[in-house]
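In what follows, a single structure is set out as structure tokens and then discussed.
Order of listing sets the numbers, starting from 1, for every ligand and every atom in it.
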Amino acid sequence: MTLQAIRYHRGHLEILDQLLLPDVSKFIPLHNTDEGWMAIKLMQVRGAPAIAIVGCLSLAVELTKKDFSTRKELKEFVHEKLNYLVSARPTAVNIADAAAKGKTLINQLIDNEDIELEDIKLSLIKEFENMLQADIDVNRSIGRYGAEHILKNCNNEPVMVMTHCNTGSLATAGYGTALGVIRHLHEHNKLDRVYCTETRPYNQGARLTAYELVHEKMNASLICDNMAAACMASNKIHAVIVGADRVVANGDTANKIGTYQLAIIAKYHNVPFYVACPKTTFDPNIKSGKDIHIEIRPEHEMTTLKGIKIAAAGISCWNPAFDVTPAELITGGIITEYGVFNPREIQDKFNEFDQQR
Ligand SMILES: CSC[C@@H](O)[C@@H](O)C(=O)COP(=O)(O)O
């Protein structure tokens, strides 16, 4: 059984508070978009797909309980709440993508005079609810495509891989993206070992990925972020697989801080570097990684650990949550639910799939 971090039935949403993991597993209820926004901001829920799903479900819960007297009132409410949810964290694009789709849907429904107000509301709620299963289905495809691609280049022998941050069941509706690929390898007895980085300063690797790997009984070793080069020099690593928060038109990719240095180290050691993400992480509106808005997190996330000071008092900090890996360093490819693509062709590929629909 994979971990479940989002519990939902109509009118009720609970998330596993990721600030308390791995010591305490506590679900907290989210009753409305204010609480959804705050849970995203505080990183009680994190990971690009999970942020989008929880944000939209917090709106679904609020909509379930609220009555509207006019179509205009419902439309303005939905637009306002979606814009608000997108503002919680700026780098991951999935929530902006979900918000844009939600706004398009409500606009279309409102314009159709044959549909009753209550049915419009219900359609939107169902649209948000569908995100849960859709994300799991997408992740399973990513897992299969990624594992097959990696194994094809390794004579189908068990592989050693490295990953960064947390991209598993805790970052998605379930299964995971990069961790979904690793999970697929494990399920097919093709995972020799996975090395996961601590991922300072929030320690998504040490706290969350390690927790998932232990839970799934995978052969896994935790390394500090500054051990990655030594690990690649000492072990035959077949692939580095990471997630993404935003892939832009030219294939440049924003992901958890430390991803860029891993990609450089992988290049030096001739280790294929893969990014695994759903199409909803692709942002064609931004041409190059230079234009991605990188979130800066508060200093105390670097200077304290569980409230205990670990840095000299008075030092100032630079604490970007993400960095940008240039497309040319994504040497293995971008693993999506449609297949594995060269980052330079990602825009053309997605255009093709859009036209085929
Ligand atoms: C499937 S999750 C992909 C990314 O969102 C993940 O790698 C990441 O960078 C998460 O950052 P976080 O700051 O924990 O939300």
Against heavy atoms of Met43, which atoms of ligand 1 measure under 4.0 Å?
->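 Close to Met43: 13 (O), 14 (O).
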Below 30° counts as parallel, above 60° as perpendicular, anything between as tilted: where do the rings of [X] and [Y] land?
X      : Y      : result
Trp37  : Tyr84  : parallel
Phe353 : Phe341 : tilted
His188 : His184 : parallel

Does a side-chain N-to-carboxylate-O contact under 4.0 Å join [X] and [Y]?
X      : Y      : result
Arg200 : Asp225 : no
Glu129 : Lys126 : no
Glu62  : Lys66  : no
Lys287 : Asp291 : no

Non-hydrogen side-chain atoms of Leu185 and Val159 separated by less than 4.5 Å |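 Yes. Closest side-chain heavy atoms under 4.5 Å.
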Which residue supplies the protein heavy atom nearest to [atom], what is that atom called, and how far is it?
atom                    : result
atom 1 (C) of ligand 1  : Thr177 OG1, 3.1 Å
atom 11 (O) of ligand 1 : Lys256 CE, 3.3 Å
atom 8 (C) of ligand 1  : Asp245 OD1, 3.3 Å
atom 3 (C) of ligand 1  : Ala244 O, 3.4 Å
atom 6 (C) of ligand 1  : Asn255 OD1, 3.4 Å

Look at atom 2 (S) of ligand 1 and find which of Ala171, Gly168, Gly258 reaches it with the closest heavy atom.
->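 Comparing heavy atoms across Ala171, Gly168, Gly258, the nearest one to atom 2 (S) of ligand 1 lies in Ala171.
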Heavy-atom contacts under 4.0 Å between Phe322 and ligand 1: side chain, backbone, both, or neither?
->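 Just the side chain.
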Evaluate [X] for polar contact with ligand 1, using N/O atom pairs at a separation under 3.5 Å.
X      : value
Ala48  : yes
Thr167 : no
Gly47  : yes
Gln204 : yes

Does at least one non-hydrogen atom of Arg89 fall below 4.0 angstrom from an atom of ligand 1?
->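 For ligand 1, residue contact (heavy atoms, under 4.0 Å) with Arg89 is present.
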Using non-hydrogen atoms of the residue, decide whether Ala321 is closer than 4.0 angstrom to ligand 1.
->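 Distance cut 4.0 Å: Ala321 fails for ligand 1.
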For Ala206 against Leu222, the heavy-atom pair lying closest together |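 The pair with the smallest heavy-atom distance is CA-CD1, 3.8 Å.
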